[in-house]
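Counting starts at 1 for both ligands and their atoms, following the listed order.
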Amino acid sequence: MIITIDGPAGAGKSSVSKELARRLALTYLDSGAMYRALALYMLEKGVDIDDEAAVTEHLDHVKIGFKNGSIYLGSRDVSDLIRTPEIDVASSAVSRIPAVRKYLTQLQKEIGRKGNIVAEGRDMGTVVFPEADFKFFLTASPEERAKRRMAQLESRKKNIVKHEIILQQIKKRDKADTNRAIAPLRPANDAIVIDSTNLSFQEVVEKIIDIIHEGKKR
Ligand code: DC
């Protein structure tokens, strides 16, 4: 069983995907964390993330993997280091580079080969797992997503940024992710779009589980 959850930043994909994986006893694949870890690697090595040739050249040395729900760069757990505003921007930048997408898509397909996953990202239903059993596209208004993002930063005791600034950043990242040439952010033709602007986290999860149970009966 493969379930894909795609959508823009801050739509609630991560919490919904994790809960779905828990409820359905599937493995959670956070593809965004892989783009983030790759961006962190490049920043730490001093590679200019806008220099496509330089990033591509360094790809051979990157070792990304998951262990017990944490993301690793080589033998180092980088789960916390990848959740910063700097990496928000850098991961979106490296994700435009064709060689980066090819490299991570391959890794994701390898992880998916074992089956039984909830794969979260931007192109899980369109490119990486076109054969998925259930595809969802989770979205919400930019204002609502900025609000949720702020609450998330507050709960992690990160620097508090103004709502307006977060909203601007979200809109900028949406634009970059939607307009890039390869694997742009968009719902797959056979994806079910869920707008969570006026739904609670629990309502979204129940809705998705209902759809999966209905689909399995058919
Ligand atoms: O979901 P996230 O915010 O952790 O993702 C970080 C960035 O990685 C996002 O701005 C775009 C990129 N990304 C992507 O291009 N394709 C994916 N499947 C997942 C993330």
Checklist entry - For the residue pair Phe136 and Phe134, does the interplanar ring angle fall in the parallel (under 30°), tilted (30 to 60°) or perpendicular (over 60°) class? => result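 Rings of Phe136 and Phe134: parallel, as their planes differ by under 30°.
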Heavy-atom distances under 4.0 Å are what count here, so tell me which part of [X] touches ligand 1: side chain, backbone, both or neither.
X      : value
Asp177 : side chain
Arg180 : side chain
Ala9   : neither

Got the closest protein heavy atom to [atom], with its distance?
atom                    : result
atom 16 (N) of ligand 1 : Arg101 NH2, 3.0 Å
atom 4 (O) of ligand 1  : Arg36 NE, 2.6 Å
atom 17 (C) of ligand 1 : Arg122 N, 3.4 Å
atom 7 (C) of ligand 1  : Ser91 OG, 3.3 Å
atom 18 (N) of ligand 1 : Asp123 OD1, 2.8 Å
atom 8 (O) of ligand 1  : Tyr35 CB, 3.4 Å
atom 19 (C) of ligand 1 : Ser31 OG, 3.4 Å
atom 10 (O) of ligand 1 : Arg173 NH1, 2.7 Å

Checklist entry - Applying the salt bridge (Lys or Arg N to Asp or Glu O under 4.0 Å) test to Asp30, which of Arg83, Lys13, Arg36 qualifies? => result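 So, applying the salt bridge (Lys or Arg N to Asp or Glu O under 4.0 Å) to Asp30 and each of Arg83, Lys13, Arg36, only Arg83 qualifies.
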Sidechain N-carboxylate O distance under 4.0 Å for [X], [Y]:
X      : Y      : answer
Arg113 : Glu110 : no
Lys207 : Glu203 : no
Arg149 : Asp88  : yes

Checklist entry - Does CG belonging to Asp210 count more than 12 external heavy atoms closer than 6.0 Å? => result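 Yes, enclosed.
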Next on the checklist: More than 12 heavy atoms of other residues, nucleotides or ligands under 6.0 Å from CG of Asn179: yes or no?
Outcome noted: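 Yes, enclosed.
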